[in-house]
Every structure is written in C-alpha cells, then in structure tokens.
Amino acid sequence: MTPAELASVVLAAAHAVFEQRGLDRAALPASTVVERPRNPEHGDYASTLALQLSKKVGVPPRELATALADELGRAAGVKSVDIAGPGFLNIRLDAAAAGQLARVIVETGAEYGRSDRLAGEKINLEFVSANPTGPVHIGGVRWAAVGDALSRLLRATGADVGTEYYFNDAGSQIDRFARSLLAAAKGEAAPEDGYGGAYIAEIAAEVQARRPEVRSLDDDAAQEVFRVEGVALMFDEIRTSLRDFGVEFDTYFNEKDLHDRGELDLALARLRQQGHLYESEGATWLRTTDFGDDKDRVLRKSNGEWTYFAADCAYYLDKRERGFERVVIMLGADHHGYIGRMKAMSACFGDDPERNLEILIGQLVNLLRDGAPMRMSKRAGTVITLEDLVEAIGVDASRYALARYSSDSPIDIDIELWTKAKNDNPVYKVQYVAARTAGVARNAAEVGLVRGDADAFRPELLDHEKENTLLKALAQFPAVVATAAELREPHRVARYLEEDIAPSYHRFYDDCRVLPRGDEEITDLHRARLWLNDATRTVVANGLFLLGVSAPERM
RNA sequence: GCGCCCGUAGCUCAGCGGAUAGAGCAGGGGACUUCUAAUCCCAAGGCCGCAGGUUCGAAUCCUGCCGGGCGCACCA
C-alpha cells in the first residue's frame, strides 16, 4: 500500500464516521495526506485529520480520533491504529501491505514517482540566458543545473513545460565584445569598458582564420565582421558546453526577433490601452509604481531608443501569448532588484503577478580551491566558467553540487570535497547506492537468484525493521517529487536521496543479506529482498535522472 | 535610507503549522575469513539570532529589533 492509498483509506474512514454520527460531511477535505513520523514508535504513518476536523464539527479531537481509529482499524492492510497526544492517529501496516510496494515500484519502473499533480499547467522556464559575449560563468551554471532539474521535475508531475534561453546579439554589450575582439586582433589591450580573458584572443584568432580578409578592412568594417563572426562562435561554444553539461533548451529566443516582429510596439500599445503609460521629459514611462515598484520605468528613451526593460515587457507578453500560464524566470541574486518592476509589469498587462509570473532568485556560487574562494572579475577575465567547473569536478558532481542546495543559499563548491571518492562527497554517496544495488542484482543473477513471477512474490516476508524503514523511505518518493516540483525546489530530491534513501538502503544491506551464502538454498526471502533491492535501484535511478546525474552500474 | 535573501550542533546545511528539531563532516569509541567497508554501529554535541504576537500546537506564519550578504540606472 502506498501512502497515497492509505490517505484515501483514512479519508474514506472519516466519511464513514461522519455518516454514522450525522456530522456535516462538507467539513471533510477533498483529500488528505499521511505523514511518516520521525519516531518509529509513532507507527508507520500518522494522520492529523482528527486534529484538523475537531474544531470544524465541534467534536473533541480525542473522541473523533477514537471513532476514526475504530473505523480505520477494520481496513484491509491496516495492522493497528493507536491514538496519541491530542489526537494523532498512529497507523501500522501489515508487512504484506507494506511490502507490496517493492513490487509496485519495480513494475512501475521509470514511471515511479511521476504524477499528474501539475497536469494542465503550461509553464515556461527561462534560465541561463547569458548574452554571447563570453562563456557561461558559474552563476549561470547554477541555473543550468537547477533549471534543467526543475524542467524534469515539472514534466514528471505532468506539466507542459517549455524551456527557454533568451539572448541578445545586438546591444551595447555586444559592441564592447566586438571592440574587444578587434583590439585583441590588433594586439592592443582590451578597451576600458571591454572584456578581458584568454577567450577573447582565441575567438579573435578564430575569426581571423575564418575571414582572413578582415585584416585589410578599416576598423569599422572589421569590427562588424568581428561582431557577427564572434557572436556566432561564442554562441556556438555556449550551446556546446551546455549540451555537454546535459542541458538543451526547447527554444533559443533572440531579442532581435521581438524588434523585427514589432512586438515592442505591440507591448507598448497593450500597456497604453491598459492605461499605465505616460510621457515625461520626452520619454515614455510605465507607471509600475501603481503596482508596488520603487519607481516608474522608462520604456522608450527621449532619444527614441527602446530600453532593455521594454524588450522584457515584449518578451513577457510574447510568452503569455504563446499560451504559457506561468512564466518562470531564474535570475542571479545580483538581479533581484528586477523582481519589483517585473511583477508590476505583469500587473500592468492585467495579469496576476502571483500566478502568471514567478521569479526565482539564486544566491551566488563560489568555487573553492584549497579552501579559499577563487574570486571572479569580468574585467580581468578571471571568470569561472562552466568548463572550469566541469574540468575541476566533472559533470555529475557539478550538477549534483549545484542542485542539492536551496537556491536561497549561497554555495561554496570545494574542489577537494567534490572530487573525493568518499562518503563525505554527497554525489558519490548517492551514486554508490546506485552501483551497490546494481552490483547485488548482478551477483544475484550469477547465482541463479531471480525475482521470478510477481505472483510468487511474498511481501509479508519483508518484516525486518530495516526492510520496513527502507520501504517507507521508498514510498515517499512520489510525494518528494511532487513537492519539489510545486515549490520549484529540486534540492529536495537530492536531500531525500542522500539523507533518506542512502542510509536506509545501507542499513538494510548490512542487516538483511539478499544473496544466499555458499550453497545455501534460494528461498522466497532471498527473492523478496531482491525485489526490494531492485525497487531501491529504481528510485535512486529515477531520482538521479530528475537531477540530470548518472546512476552508474558500477563504481 | 529603501528593498530582497540569510541567521538551526564546532563546520556545511536539511526541515511546504505537528509529537523528543535532523543529516553529513570534524572530533571520541567500535565492526571487514561476509552480496562493493565508497559501508555500518555506539557515544557526544542545540537560549533554532533577540523580543513580542497568531495558534490546541511555531525553527516554520505575522510585527519589531540585531548581525551578515546582495541590490537600488532614460546600463545591458
């Protein structure tokens, strides 16, 4: 029995009790959940339904709990129900009912953990969105890992997801980039406001190799060649490194398209129609202060040029017009000042900024070498890039390290820790479970131990304490996935794997031998434990997949 | 000054209103003729920054304060 099934049983019992006592069934919730108590003495699962309902229907919680316990105790698969404290229901399951979960998980396979919780939601996820003026730096990499994991989570819960990378290949930053390339090609120092770093010289050289005639052009013409070719090379490099990182986007959206299609004018017209525009000092302003922003924002400058924010408005409108009910944008902490104006802009379009626009802010990332942060400077060209990180600790460790922390928490990635082949390296800790379960399955096959027909599976034999604990941990997976998706917090999956699944599996492994020893006969218990081993393998593999991390067969 | 984030064990961090607040690491003590010891077991470690409030119940929600990080452009 899964927790979701048990929750339904609890709710059904509540309906029965309410009917018997003539209570108002409208007070009952549409659904309920059972919790897994920390303390095993409090049963396999606990329900707080009696506590929640007692005030609504004016029945003391203990009395309600007693009635619920009587009813629930008669349900199939329920071994016992105790009442504790103010009115907790502590429920124990039959070993057979609990053990069946191993079979459910194995048979569900890669689908285990998926749900339709977010079915019908159309969600746009924008992340990384670095302009092609340099390699993806470590802050962008955080979002590559978290954003990609989030897209997997949202899809696993049934949402219709579109991932998106927004870039601009025409702005003044690109001009600086082009001037920097030109300067490098001429052997000059980078311009005052330009970009430094070895990659500039490399790209300048590559452009010259592709377009040798650039040497004979005047500066203006040459700069244009460097701009066009340099941006193409840079963007190509970004896409390649992201692909090597396991991240590809459904849409690569170019700001230029918004301009070419006249979408900025459209957005402006729409905002004017909503009555939030005004002219002042020759510029066109959006009255974002109507919706809580610190100050109003310029859309079109007095010189007739659009602001970057105007393009943001058009881009938001574009996403909404493409049918995305929820527009999610992931930004670094240094951009948190954008939240106010973006939310206000959404409201100016007549949207509900709480529902239609989510802005996720990620705190900064440091890379630690020998315990000291490697400081970044864009001017000096000492940015830490995606390649630097991957080169230092590898793709799996990078993705795991970036995805295992709450986005609200700044991250220090210690190179020494994340390259250790030890249990204090979290990614090894989790991958080791994947490898160990795979190893047990291999060894089982070698000695002729196979799970056999599902009909022959004897779930009631999984009654060891460590087996029970592992089963309960495995049972949590769908709830963990659903919560992580709803809260946009992929780190919950990582923490679950390393703090819940890994320890419970190792304890099971230590106390409950799966394989027969020597020429010991193969019994139903061996087979039942193999079901449990393979169920664990399934959950770890599914969980790591959601994080974009491999589940190795051996290590 | 205003805004956002953070403050939980020595360190790094979990903890979407529930019971005695958890994990890993570090430090102490144990377990390898055994399916991967990359593991496990035992012990130790806490005014959940402070003060109020809401609640049957608060680390969690609200208010104020203290401390730290970041941000406050007709830049991109």
Side-chain angles (χ1 to χ4, degrees), chain A residues 35 37-39 41-42 46 48 51-52 54-55 60-61 84-88 90 131 133 168 170-176 193 255 280-285 292-295 297-303 305-311 332-340 359 361-364 404-412 414 417 420-426 428-429 431-433 435-444 446-447 449 483-484 486-487 489 491-492 494-496 498-500 502-503 505-507 509-518 526 529-530 533 554-555:
Chain A
E35 294 166 7
R38 287 233 172 253
N39 187 339
E41 285 173 19
H42 294 149
T48 57
L51 291 170
Q52 293 161 28
S54 80
K55 196 188 280 180
F88 292 102
N90 293 338
N131 276 344
T133 57
N168 170 326
S172 66
Q173 283 192 90
I174 300 285
D175 289 340
R176 287 185 217 160
D193 59 352
E255 181 188 339
S280 174
E281 302 166 56
T284 304
W285 298 69
D293 195 13
D294 301 343
K295 59 190 78 163
R297 305 291 169 174
V298 172
L299 294 183
R300 204 202 301 255
K301 305 182 204 174
S302 51
N303 65 7
E305 288 177 15
W306 294 104
T307 60
Y308 190 85
F309 183 61
D334 52 340
H335 285 74
H336 80 251
Y338 281 44
I339 296 175
I359 298 179
I361 296 296
Q363 299 299 316
L364 304 180
R404 84 183 277 270
Y405 296 93
S406 155
S407 294
D408 288 337
S409 170
I411 306 180
D412 288 327
D414 187 324
L417 171 69
K420 256 197 243 181
K422 276 209 180 146
N423 59 337
D424 49 330
N425 178 343
Y428 272 79
K429 183 191 173 86
Q431 287 186 312
Y432 179 59
V433 178
R436 208 175 204 190
T437 51
V440 168
R442 270 196 308 275
N443 295 338
E446 267 177 35
V447 300
L449 168 59
T483 303
E486 282 172 351
L487 298 180
E489 294 185 346
H491 76 274
R492 286 168 184 275
R495 298 295 177 153
Y496 162 76
E498 64 186 80
E499 290 172 8
D500 216 350
Y505 178 74
H506 291 313
R507 285 166 194 162
Y509 178 94
D510 264 21
D511 285 2
C512 305
R513 195 182 162 86
V514 177
L515 267 54
R517 294 168 192 270
H526 294 125
R529 285 177 171 168
L530 187 57
N533 177 78
R554 51 184 98 223
M555 291 169 75

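Side chains included, hydrogens not; waters and symmetry mates left out as well; all remaining heavy atoms used. Chain naming here is simple, since letters A, B, ... match the order of the sequence lines and numbering starts at 1 in each.
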Exercise for the section: Sticking with atom P, work out how far U60(B) lies from C48(B), rounded to a whole angstrom. Expected result: 11 Å
Practice task
May I ask you to say what Ser302(A) touches in the nucleic acid, namely base, sugar-phosphate or nothing, with a heavy-atom cut-off under 4.0 Å?
Solution key: base
Handout entry: Between U8(B) and A21(B) - C1' atom distance, rounded Å
Key = 8 Å
Practice task
Determine if His491(A) stacks with A14(B); use a centre-to-centre distance below 5.5 Å and an interplanar angle below 30° as the criteria.
Solution key: no
Problem - Minimum-distance pair of heavy atoms, taken over all atoms of Leu530(A) and Leu449(A) - result: CD2-O, 3.7 Å
Handout entry: Base of G18(B) and ring of Phe88(A) stacked, centres under 5.5 Å, planes under 30°
Key = no
Protein-nucleic acid N or O pairs under 3.5 Å, nucleotides 64-72 of chain B:
from   : atom 1 : to        : atom 2 : distance (Å)
C70(B) : O2'    : Ala333(A) : O      : 3.4
C72(B) : O3'    : Lys295(A) : NZ     : 3.2

Exercise for the section: Please round to the nearest 0.5 Å and tell me the distance separating atom OH of Tyr405(A) and atom CD of Glu489(A). Expected result: 15.5 Å
Problem - Shortest non-hydrogen contact from Arg404(A) toward Arg495(A) - result: O-NE, 2.9 Å
Practice task
Give one of base, sugar-phosphate or nothing for Ala46(A), where a contact means two heavy atoms less than 4.0 Å apart.
Solution key: base
Exercise for the section: May I ask you to say what His42(A) touches in the nucleic acid, namely base, sugar-phosphate or nothing, with a heavy-atom cut-off under 4.0 Å? Expected result: base
Handout entry: Between A73(B) (C1') and Glu305(A) (CD): distance, integer Å
Key = 15 Å
Problem - Interatomic distance at C1', C65(B) relative to G7(B), whole Å - result: 14 Å
Practice task
Give a yes/no on whether any side-chain N or O of Arg507(A) is located under 4.0 angstrom from OP1 or OP2 of C41(B).
Solution key: yes
Problem - C13(B) phosphate, OP1 or OP2, under 4.0 Å from Arg495(A) side-chain N/O - result: no
Exercise for the section: Please work out if Asp511(A) contacts a base, only the sugar-phosphate, or nothing of the nucleic acid, heavy-atom cut-off 4.0 Å. Expected result: nothing
Fill in the blank from the handout: Here the gap from Ser406(A) atom OG to Arg492(A) atom CZ, rounded to the nearest 0.5 Å, amounts to 8.5 Å
Problem - Nearest-Å distance once atom C1' is located in both G69(B) and U36(B) - result: 43 Å
Exercise for the section: Remember a base hit wins even if backbone is also touched, and classify Gly85(A) as base, sugar-phosphate or nothing at under 4.0 Å, heavy atoms. Expected result: nothing
Practice task
Could you measure between the two C1' atoms, the one in A14(B) and the one in G24(B), and give it in whole Å?
Solution key: 10 Å
Practice task
With P as the reference atom in both, quote the distance from G64(B) to G71(B) in angstrom, rounded to an integer.
Solution key: 24 Å
Practice task
Hey, could you give me the CD1/CG distance between Ile339(A) and Asp293(A), rounded to the nearest 0.5 Å?
Solution key: 11.0 Å
Exercise for the section: Would you mind telling me which residue lines up with the more 5' stretch of RNA chain B, Glu489(A) or Trp306(A), judged by nearest nucleotide? Expected result: Glu489(A)
Problem - Minimum-distance nucleotide (side-chain atoms of Arg442(A) versus A14(B), U36(B), C16(B)) - result: U36(B)
Problem - Atom P, compared across C47(B) and C42(B): separation rounded to whole Å - result: 24 Å
Handout entry: Leu515(A) CG to Asn533(A) CG distance, which is reported to the nearest 0.5 Å
Key = 9.0 Å
Problem - 5'-most by nearest nucleotide on RNA chain B - Pro86(A) or Asn168(A) - result: Pro86(A)
Practice task
Grab the two heavy atoms, one from Pro86(A) and one from Pro61(A), that are nearest each other, plus how far apart they are.
Solution key: O-CB, 3.4 Å
Practice task
Among Asp510(A), Asp500(A), Val433(A), find the one that has a side chain to side chain contact (heavy atoms under 4.5 Å, CB included) with Tyr505(A).
Solution key: Val433(A)
Problem - Any N/O donor-acceptor pair, Ser409(A) side-chain to C13(B) base, under 3.5 Å - result: no
Exercise for the section: Let me know the distance between CG of Asp408(A) and C1' of C13(B), rounded to the nearest Å. Expected result: 13 Å
Practice task
Would you please enumerate the stems RNA chain B participates in, each stem being three or more consecutive Watson-Crick or G-U wobble pairs with both distances under 3.5 Å?
Solution key: B:1-7 with B:66-72, B:10-13 with B:22-25, B:28-31 with B:39-42, B:49-53 with B:61-65
Handout entry: For the student: nearest non-hydrogen atoms of Met555(A) and Tyr428(A), plus distance
Key = CE-CD2, 3.5 Å
Practice task
In whole angstrom, give the distance that lies between atom CD of Glu499(A) and atom P of U12(B).
Solution key: 16 Å
Problem - Length of the CG-P vector between Asn303(A) and C74(B), whole Å - result: 13 Å
Fill in the blank from the handout: Between His526(A) and Arg513(A), the two heavy atoms sitting closest are CD2-O, 4.3 Å
Practice task
Would you indicate what Glu281(A) reaches in the nucleic acid, counting non-hydrogen atoms under 4.0 angstrom: base, sugar-phosphate, or nothing?
Solution key: base
Practice task
Select one nucleotide: of A19(B), C5(B), C16(B), the one nearest the side-chain heavy atoms of Arg492(A).
Solution key: C16(B)
Handout entry: C35(B) OP1/OP2 closer than 4.0 Å to side-chain N/O of Asn533(A)
Key = no
Practice task
With the side chain of Ser406(A) defined as its heavy atoms from C-beta on, choose the nearest nucleotide among C74(B), A14(B), C6(B).
Solution key: A14(B)
Practice task
In whole angstrom, give me the gap between the C1' atoms of G15(B) and C35(B).
Solution key: 34 Å
Problem - Sugar-phosphate, base or nothing in reach of Asp293(A), heavy atoms under 4.0 Å - result: nothing
Exercise for the section: Look up atom CZ in Arg300(A) and atom OG1 in Thr284(A), then write down how far apart they are to the nearest 0.5 Å. Expected result: 6.0 Å
Practice task
Report yes if the side chains of Phe309(A) and Val298(A) come closer than 4.5 Å at any heavy-atom pair, otherwise no.
Solution key: no
Handout entry: Whether Ser172(A) side chain and Asp175(A) backbone form a donor-acceptor pair below 3.5 Å
Key = no
Practice task
Answer with base, sugar-phosphate or nothing: what part of the nucleic acid does Pro410(A) contact at a heavy-atom distance below 4.0 Å?
Solution key: sugar-phosphate
Completion exercise
In whole angstroms, the gap separating P of U12(B) from CZ of Arg404(A) amounts to 13 Å
Practice task
Measure the CG-CD distance between Leu299(A) and Glu305(A) for me, rounded to the nearest 0.5 Å.
Solution key: 14.0 Å
Exercise for the section: Mind listing the closest non-hydrogen atom pair of Pro37(A) and Ala46(A) along with its distance? Expected result: CG-CB, 3.8 Å
Exercise for the section: Quickly work out the Ile359(A) CD1 to C5(B) C1' distance and round it to whole Å. Expected result: 15 Å
Just the table, please: protein N/O against nucleotides 25-34 of chain B N/O, every pair under 3.5 Å.
from   : atom 1 : to        : atom 2 : distance (Å)
C25(B) : OP1    : Asn423(A) : ND2    : 2.9

Problem - Nucleotide C75(B), atom P - distance to OH of Tyr308(A) in whole Å - result: 14 Å
Practice task
Measure from CZ on Arg554(A) to P on U36(B) and round the result to the nearest Å.
Solution key: 10 Å
